[in-house]
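What follows is a short report on a single structure.
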Amino acid sequence: MGTPARRVPFLKGHGTENDFVIIPDHDGRLDLTAGDVARLCDRRAGVGADGVLRAVRAAVHPEAAQEADGAQWFMDYRNADGSVAEMCGNGLRVFARYLRHAGLVRGPEVTVVTRAGLRRARFDERDPERGPVTVTMGAAHLPDGAAASVTVAVGARDWPAHHVDMGNPHAVAFVDDLAHAGPLREAPVVRPAAAYPQGTNVEFVVDRGERHVALRVHERGSGETRSCGTGACAVMVAAARRDGRDPAVDGRPVTYAVDVPGGRLEITEAVDGTVSMTGPAVIVAEGTLAPGLLTSED
């Protein structure tokens, strides 16, 4: 008799309906290929998700080991097409929820290694098991000069866009109607292409009220999603600058409500430039993957 196929556990979670397959691989034994990830995220033949969160101890992962003194866990995030991504804000909240759900963290907060650096997640004081999670997202970077001059186009329409980096790239366009973004089955055209050599996430934004905006997003490597955490942060910073608000200049933090198709996020920029995001993080299922699902021909 042959060796039985390994049964790989998984969980499914979402943050404002941006959904993820979570793979507990604490000792870093799995070699997830792009094909493996794409099959997991396939909504008809796989589990279905916008991306994969692999939970690995930082000390055993070559991309995270140098940060192991500052955080125990590494969030190995992959887009739905299998490509590697630097960060995912909704994914970070769900990752933190998984760590608490699994009993791997106990305190009011946890620090996680990401490819964009260390990020902290804080659980709700009143309901740490089910309440909203607040994550620090680092500071936004807005390029100067020619690098800041980008344009987003869908069909015959085009708009000037704000180039905002939240550890991953974003092009933020303010529009009159979210329907102008079209079906978003294909990535919008962003010019100049050289501004984003690795591609970019694109957000279309409308105003809903004072310090209140709504967005649709095409995520690099995933298509249109119900929410994008780093995108919501990029949008908040772009909206604040458009509205003449800059905490570093004003000397006080500013908060915007950002509506996404999957719910609402609260984004705050502090005086020191640190951006934080508060929103739901829910584990909806757990089980084991069918034998062979992670066997890739790539």
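In this text the structure is predicted, and so the values were computed from the model without any measurement.
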Any chance [atom1] of [X] has more than 12 other-residue heavy atoms, nucleotides or ligands included, within less than 6.0 Å?
X: Asp127; atom1: CG; value: yes
X: Gln66; atom1: CD; value: no
X: Arg241; atom1: CZ; value: yes
X: Arg43; atom1: CZ; value: yes
X: Glu186; atom1: CD; value: no

(Q) Name the residue from Thr134, Val133, Asn18 that meets the side chain to side chain contact (heavy atoms under 4.5 Å, CB included) definition with Arg93. (A)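 Single side chain to side chain contact (heavy atoms under 4.5 Å, CB included) partner of Arg93 among Thr134, Val133, Asn18: Val133.
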
Write down the atom of [X], the atom of [Y], and the distance for their closest heavy-atom approach.
X: Thr278; Y: Pro132; answer: CG2-CB, 3.9 Å
X: Gly244; Y: Asp250; answer: O-OD2, 4.3 Å
X: Val213; Y: Ala239; answer: CG1-CB, 4.4 Å
X: Arg216; Y: Ala181; answer: NH1-CB, 3.7 Å
X: Asp36; Y: Asp31; answer: OD2-O, 3.6 Å
X: Val164; Y: Ala140; answer: CG1-CB, 4.0 Å

Under a 3.5 Å distance rule, please check whether [X] uses its side chain to pair with a backbone N or O of [Y] as donor and acceptor.
X: Arg220; Y: Ala85; value: no
X: Arg54; Y: Leu32; value: no
X: Arg97; Y: Ala281; value: yes
X: Lys12; Y: Gly48; value: yes
X: Asp177; Y: Ala179; value: yes
X: Asn79; Y: Asp81; value: no
X: Arg100; Y: Val105; value: no
X: Tyr256; Y: Cys233; value: no
X: Thr114; Y: Met87; value: no
X: Asp25; Y: Val56; value: no

Taking a hydrophobic cluster as the set of Ile, Leu, Val, Met, Phe, Trp and Tyr residues connected by side-chain heavy atoms closer than 4.5 Å, whether directly or through intermediates, do [X] and [Y] fall within one such cluster?
X: Leu178; Y: Val154; answer: yes
X: Met75; Y: Val60; answer: no
X: Val205; Y: Leu142; answer: yes

Q: Go through Leu11 and His101 one step at a time and tell me if the side chain to side chain contact (heavy atoms under 4.5 Å, CB included) criterion holds.
A: CA-CA 11 Å; Leu11 299 89; His101 173 84; 3.8 Å; yes

When you compare the side chain of [Y] with that of [X], does any pair of heavy atoms fall below 4.5 Å?
X: Val260; Y: Arg226; answer: no
X: Val217; Y: Val235; answer: no
X: Cys41; Y: Val52; answer: yes
X: Leu118; Y: Val113; answer: yes
X: Pro24; Y: Tyr98; answer: yes
X: Pro280; Y: Thr16; answer: yes

**Q.** CA sep, side-chain torsions, deciding dist, call: Val110, Gln72, side chain to side chain contact (heavy atoms under 4.5 Å, CB included)
**A.** CA-CA 9 Å; Val110 59; Gln72 184 179 1; over 6 Å; no

Q: Report yes if the distance between the aromatic ring centroids of His162 and Phe174 is under 6.0 Å, otherwise no.
A: yes

Do [Y] and [X] meet the salt-bridge criterion of a basic N to acidic O distance under 4.0 Å?
X: Arg39; Y: Asp42; answer: no
X: Arg245; Y: Asp243; answer: yes
X: Arg242; Y: Asp207; answer: yes
X: Arg211; Y: Glu269; answer: no

[X] side chain to [Y] side chain, donor-acceptor N/O pair below 3.5 angstrom:
X: His14; Y: Asn90; value: no
X: His163; Y: Asp165; value: no
X: Thr225; Y: Asp50; value: no

Q: Specify whether Phe20 and Tyr77 have parallel, tilted or perpendicular ring planes, treating 30° as the upper limit for parallel and 60° as the lower limit for perpendicular.
A: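 Judged by the thresholds at 30° and 60°, the geometry between Phe20 and Tyr77 is perpendicular.
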
Q: Decide side chain to side chain contact (heavy atoms under 4.5 Å, CB included) for Leu40 and Leu294; before the verdict, give the C-alpha distance in whole Å, the side-chain angles of both, and the deciding distance to 0.1 Å.
A: CA-CA 8 Å; Leu40 285 172; Leu294 299 185; 3.8 Å; yes

Q: Please list all pairs passing the ring-ring contact (aromatic ring centres under 6.0 Å, His included) test where one or both residues lie in residues 35-62, with sequence neighbours left out.
A: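 Pairs touching residues 35-62 that pass the test: His61-Phe74.
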
Q. Going through the distances and angles, do Leu184 and Val202 end up as a side chain to side chain contact (heavy atoms under 4.5 Å, CB included)?
A. CA-CA 10 Å; Leu184 288 183; Val202 180; over 6 Å; no

Q) What pairs with Asp246 under side-chain hydrogen bond (donor to acceptor under 3.5 Å, both in side chains), at least two apart in sequence or on another chain? A) none

**Q.** Residues clustered with Val282, ILVMFWY side-chain links under 4.5 angstrom
**A.**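 Answer for Val282: Val284.
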
Q) Given Glu109, which of Arg119, Arg122, Arg120 fulfils the salt bridge (charged side-chain N to carboxylate O under 4.0 Å, His left out) condition? A)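 That would be Arg120.
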
